[in-house]
Every structure is written in structure tokens, then in C-alpha cells.
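Basis for what follows: all heavy atoms, side chains included, without hydrogens, waters or symmetry-related copies. Treat the numbers as computed from the prediction; the structure is a model and nothing was measured.
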Amino acid sequence: MASQDWVEKDFYAILGVAKDASDADIKKAYRKLARKYHPDTNSGDAAAEKKFKDVSEAYSVLSDAEERQQYDAIRAMGGARFAPGAARGGPANGGFEDLFGGLFGGGRQPGGAGGIPPEFADLFGGGFGGGQTGFQRAPQKGSDRTASTSISFAGSIHGTTVSLRESNGNVIDVKIPAGIRDGQKVRQRGKGNPGAAGNGDLIITVNVKPHDFFHRDGDNIRIHVPVTFAEAALGSNIHVPTLDGDTVTVRVPAGTPSGRTLRVKGRGVKTSKGTGDLLVTIDVSVPQNLNKEAEEAVKAFAAATADADPRHDLAAKARL
């Protein structure tokens with residue numbers, strides 16, 4: 001970013017935010033304007049294209065803490081004329097005479113390069129007297145790296161540690177927190193690519209292998225449990241397994257149909273934000289082979305309930 005641009009452009013006004021706006025407010029304003037003026041939705045509109053570039057330029061500076069600090073310092077000087085690379089006299093340095101002359105009386109003054117106090121020389125990155133134009137960019141962190149790993153369903157529930165081997169042979173141990181969902185990411189700070197201001201981060205996408213019995217639904221756990229016809233018709237207490245490895249007693253009310261789901265509070269996935277529930281879907285099991293005694297009992301039941309027609313309103317439901 002050329003320093004002349006920093007003097008001439010009001011990035012806060014471009015984004016429509018106050019000068020003391022928070023990082024979140026700046027990001028929110030940028031996203032709103034970027035969507036409004038994006039070239040994909042304003043094809044052939046040169047004004048919108050320019051506005052999009054201005055908005056992106058403003059956000060690139062104000063979203064970077066160090067660049068924003070430098071920008072605010074320059075703007076706070078009152079928009080004095082700026083002549084990059086001309087700090088040792090002559091007509092071109094009139095802008096800095098306005099800015100510093102009253103402090104040091106003109107000419108070559110004590111302090112940093114070209115009579116500028118050391119704190120300002122640091123701010124301008126040595127851009128005076130050395131022929132440089134504009135500011136030197138602040139040191140940047142290295143870029144992030146990405147990786148992926150697969151863990152068991154149990155590992156996602158209780159937490160686990162995985163080891164990732166890098167191309168150079170180094171091994172990075174990554175702690176996976178309990179309750180992580182399939183597709184969520186874990187960040188290892190300082191394990192990314194190196195940079196002048198420190199290493200970037202390593203971002204790992206976690207894939208969770210499915211389980212044959214337990215099925216996750218948010219922080220709830222769904223299971224299907226078979227019951228006999230008698231248990232469903234007469235009501236019963238059944239024992240079902242939980243994530244903790246123990247069992248919990250569930251009351252099946254009399255007359256429970258196949259497919260009804262019963263809820264057990266607090267027996268789902270435990271996370272830092274709370275604990276889900278265990279959702280038990282009842283599947284009424286129909287026996288495949290009946291002995292003579294059981295067959296006679298079913299026939300007797302059928303005779304006793306002959307006047308019951310579960311399909312009496314089927315035709316009305318199917319009417320178009």
C-alpha cells in the first residue's frame with residue numbers, strides 16, 4: 001500500500017464504519033458491501049467493480065492490526081502533503097516541513113533519518129532519505145497448513161489423540177476433544193509454515209467413522225431397539241445400552257406402536273456446551289416361526305379383537 005493512498009483515502013468512510021469500530025464490525029461491514037458490489041452480481045458495471053476494489057482495499061488494511069495502527073497514525077497527522085523519497089530538502093519536502101518544521105526548526109535535525117524523530121522513523125519504515133517509496137509491510141506470520149484424519153466413533157465421543165507424520169518425518173500429536181463432530185476442524189497453533197512474524201497454524205479436518213448401532217444427530221444419539229408384540233401391547237421396562245458402556249432402563253408404555261421414539265434425558269453426547277439426549281426408537285418385532293401353542297394364542301387374540309380394524313379410515317386418507 002503506497003503511503004500517499006493512506007493519506008488520501010478514508011478507509012473507514014469507504015466501509016461505512018466509525019474510526020473506533022471493532023474488528024467484528026469491520027468484517028460485518030465488508031461482507032455486506034462485498035456481496036453488494038461483487039462482480040459476479042454486477043457484470044459489466046464499472047462503478048460497482050471500482051467500489052468492490054475500494055472496499056477490498058479498505059478491508060485489507062483495517063483488518064490487519066499492524067497496518068491499521070500505521071494507517072491511523074498517518075491520518076492523525078492531519079493529512080499533511082506527502083512526498084515519498086524526498087526527505088533531505090528541496091521543493092519536494094514541503095509536506096514534511098509543514099509536519100515537522102515547527103517541532104525542530106527546519107534543516108537537518110536531531111533524531112532519526114532526515115531529522116525525523118526515531119519513533120516516526122520507525123513508523124515510516126526507513127522510507128526517508130533512502131530513496132524508498134511508501135512503507136515497508138509489517139512482518140507477516142507464515143501461511144496455514146491443512147491436513148485431515150479419521151477417528152473412530154468412540155474417539156469422537158470420549159476424545160482421543162492422533163499422530164500426524166510430516167513429509168520430513170516429524171510427528172505431530174494432535175489432541176481431539178471429546179464430542180467433536182464429523183467434519184469439524186482442530187487448530188494446532190504454530191505448526192504451519194514459517195514466517196517473519198512466526199509460524200502459521202496447522203488446521204486438521206476430522207472425519208468420524210460411523211457406528212453400527214449408535215447414530216449421532218447433533219448432540220443427541222439415536223438408537224433402534226426391538227421389542228416383542230407383548231412388550232409393546234402390554235407395556236414393559238427394557239434395558240438399552242448407552243454411550244458410557246452401561247445400560248439405562250426405559251419404560252415402554254402400553255400400546256406403543258412400532259416407530260415411536262422415546263427420549264432419555266442427558267444420555268447423549270457430552271460437550272463443553274452441554275449434553276444431548278438418547279433417542280430410543282421402538283421397533284416391534286414380529287416372530288418368524290411360531291410353535292403350536294404360540295400359534296393358537298395368536299389365533300385366540302385375533303378372534304378376541306376381530307372388531308378392531310386398523311385400516312378403517314385408510315380410504316378417507318387416500319382420497320384426492
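In this structure, the side chains of Q188 and V174 come closer than 4.5 Å at one or more pairs of heavy atoms. A heavy-atom distance below 4.5 Å is found between the side chains of N207 and D182. Between V55 and K36, the closest side-chain pair of non-hydrogen atoms is not below 4.5 Å. Taking 4.5 Å as the limit, some side-chain heavy atom of K141 sits within range of a side-chain heavy atom of D201. Counting heavy atoms from C-beta on, the side chains of F229 and V286 never come closer than 4.5 Å. Between F213 and P241, some side-chain heavy-atom pair lies under the 4.5 Å cut-off. Residues I204 and K185 fail the side-chain proximity criterion, which asks for heavy atoms closer than 4.5 Å. Using a 4.5 Å heavy-atom cutoff, the side chains of I282 and I238 are in contact.
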Would you give me the side-chain donor-acceptor pairs under 3.5 Å for residues 147-154, sequence neighbours excluded?
| unit_1 | atom_1 | unit_2 | atom_2 | d |
| --- | --- | --- | --- | --- |
| S152 | OG | G155 | N | 3.0 |

Which atom pairs, donor and acceptor, lie under 3.5 Å between side-chain atoms of residues 302-315 and protein residues at least two apart or in another chain?
| unit_1 | atom_1 | unit_2 | atom_2 | d |
| --- | --- | --- | --- | --- |
| T305 | OG1 | F301 | O | 2.9 |
| D309 | OD1 | R311 | N | 3.0 |
| H312 | ND1 | D309 | O | 3.1 |

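The side-chain hydrogen bond (donor to acceptor under 3.5 Å, both in side chains) check on R145 picks up E166, with sequence neighbours excluded.
With 3.5 Å as the limit, one finds no donor-acceptor pair spanning the side chains of Y59 and R31. Side-chain polar atoms of S285 and T228 form no donor-acceptor pair below 3.5 angstrom.
Test L278, D277, L243 against V269 for side-chain contact (heavy atoms from CB on, under 4.5 Å) and you get one pass: L243.
D23 has no carboxylate O lying under 4.0 Å from a charged side-chain N of K27, or vice versa, which leaves the two without a salt bridge.
To the nearest 0.5 Å, atoms NZ (K191) and CG (L164) are separated by 11.0 Å.
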